[in-house]
Amino acid sequence: MSLDQLIKKCKKQDAKAQEQLFKLYGAKLFSLCLKYSRDQASAEDTLQDSFIIIFEKIKQYKGNGSFEGWLKRITINTALQKYRKQKVFEIVNEDQIEDVEIEIDDEDISLDYLLNIIQELPDRYRLVFNLYVLDGYSHKEIANMLSISTGTSKSNLARARYILKEKLQNTEEHYFQNIEG
């Protein structure tokens, strides 16, 4: 069955087509949910909520643009909605931190470790970091999505990079101390 046929059946609320759509995109969207969630259970909840919205709104998809992109936008917005309700972006006099570039020696740091330390970032920093660095949104787009100012987006990104750089430096120092010691 083609993707167009699958979408048409989902628009008619065909349960088998919905199941097939979930099987087709569930893993990709789950990895996206993990980027924006604190833990696996929260990511699973976000994925479930996303598919509920996808199946409710699929009639609105007119075939313009990438269907996968449409699914990803719904999933990201579903994840972000949870944080908007928690007001994690209220910042009290946070100092502006100089933008930091992070250099990673791929041989010493595993991708799993890197993803874990990104996931450990405080919500407001992790969300902005993921949206800007991993998903390519601009600060203006992030500000609109999260109902924050572009300055807050930039500040949160700088703070996220600073924290990640510190963690990576501590990891390297610990690694070399264990080799020497």
Side-chain angles (χ1 to χ4, degrees), residues 25-51 53 68 71-181:
Y25 290 103
K28 275 186 184 177
L29 296 180
F30 181 67
S31 66
L32 189 61
C33 292
L34 275 173
K35 283 193 322 190
Y36 291 96
S37 301
R38 252 294 153 226
D39 53 41
Q40 188 162 341
S42 177
E44 289 169 355
D45 289 344
T46 300
L47 181 66
Q48 182 177 350
D49 293 345
S50 297
F51 269 100
I53 293 169
E68 186 173 329
L71 295 173
K72 286 180 177 181
R73 270 193 313 281
I74 288 175
T75 304
I76 289 171
N77 284 330
T78 302
L80 296 179
Q81 189 63 37
K82 294 178 181 193
Y83 294 104
R84 280 188 211 110
K85 290 176 185 174
Q86 296 171 9
K87 300 187 187 232
V88 297
F89 294 101
E90 291 180 5
I91 297 177
V92 181
N93 279 335
E94 184 161 337
D95 294 335
Q96 192 75 1
I97 297 170
E98 186 178 321
D99 199 14
V100 177
E101 285 299 316
I102 303 171
E103 292 183 27
I104 300 169
D105 186 354
D106 340 5
E107 295 168 12
D108 293 337
I109 305 290
S110 75
L111 181 59
D112 285 341
Y113 176 72
L114 191 56
L115 291 174
N116 282 337
I117 64 171
I118 290 170
Q119 210 164 17
E120 290 172 0
L121 287 169
D123 294 335
R124 63 180 174 231
Y125 304 143
R126 185 182 71 256
L127 295 174
V128 172
F129 182 86
N130 285 337
L131 287 167
Y132 187 84
V133 175
L134 301 179
D135 292 322
Y137 288 95
S138 70
H139 285 295
K140 185 177 180 180
E141 291 170 317
I142 294 168
N144 288 335
M145 292 169 82
L146 302 177
S147 302
I148 59 176
S149 71
T150 55
T152 298
S153 176
K154 290 177 182 180
S155 171
N156 285 346
L157 176 63
R159 184 71 181 139
R161 285 181 169 165
Y162 178 80
I163 292 169
L164 291 172
K165 183 175 181 178
E166 291 288 307
K167 286 186 178 213
L168 289 171
Q169 285 175 337
N170 290 340
T171 300
E172 286 178 6
E173 288 171 11
H174 181 72
Y175 175 76
F176 288 116
Q177 284 174 355
N178 286 341
I179 290 175
E180 294 169 358

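Throughout, numbering of the chain's residues begins at 1 and tracks the sequence. Bear in mind the structure is a predicted one, so any value in this text is a computation, not a measurement.
Here the CG atom belonging to L34 is positioned 10.5 Å from the CG atom belonging to N130, to the nearest 0.5 angstrom. Here CD1 of I142 is found 11.0 Å from NZ of K154. Values are rounded to the nearest 0.5 Å. Separation of atoms CD (E44) and CG (D49) is listed at 12.0 Å; rounding is to 0.5 Å. Rounding to the nearest 0.5 Å gives a distance of 5.5 Å between CD of E68 and OH of Y25. The NZ atom of K35 sits 5.0 Å away from atom CG of L32, with the distance rounded to the nearest 0.5 Å.
In this structure, Y137 has no ring-ring contact (aromatic ring centres under 6.0 Å, His included) partners at least two apart in sequence or on a different chain.
Smallest separation of non-hydrogen atoms from G136 and E141: O-OE1, 4.4 Å. Counting all heavy atoms, side chain and backbone alike, S50 lies closest to T75 at OG-CA, 3.5 Å. In terms of heavy-atom proximity, I117 sits nearest to K167 at CB-CD, 4.1 Å. Between M145 and I76, the closest heavy-atom pair is CE-CG2, 3.7 Å. Taking all atoms of both residues into account, the shortest heavy-atom contact from L121 to R38 is O-NH2, 2.5 Å. Of all non-hydrogen atoms in T78 and I53, the two that sit nearest each other are OG1-CD1, 3.5 Å.
Side-chain atoms of S31 come within 3.5 Å of backbone atoms of K28 as a donor-acceptor pair (strictly under, hydrogens ignored). Using a distance-only test at 3.5 Å, with no hydrogens or angles considered, a donor-acceptor pair links the side chain of Q119 to the main chain of S37. Remark: the backbone N or O of Y36 is paired with a side-chain donor or acceptor of R126 at under 3.5 angstrom.
Contact annotation: the side chain of D45 approaches that of K82 to within less than 4.5 Å [non-hydrogen atoms, C-beta and beyond]. Side-chain contact between L131 and L80 is present, with at least one heavy-atom pair separated by less than 4.5 Å. Side-chain contact between R124 and I148 is absent, with no heavy-atom pair separated by less than 4.5 Å.
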- Message: Pair F30, Q40 - check side chain to side chain contact (heavy atoms under 4.5 Å, CB included), show working.
- Response: CA-CA 9 Å; F30 181 67; Q40 188 162 341; 3.8 Å; yes

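Only one option out of L164, L157, N156 pairs with Y125 in a side chain to side chain contact (heavy atoms under 4.5 Å, CB included); it is N156.
Looking at D135 and K72, no side-chain N of the basic residue comes within less than 4.0 Å of a carboxylate O on the acidic one, giving no salt bridge.
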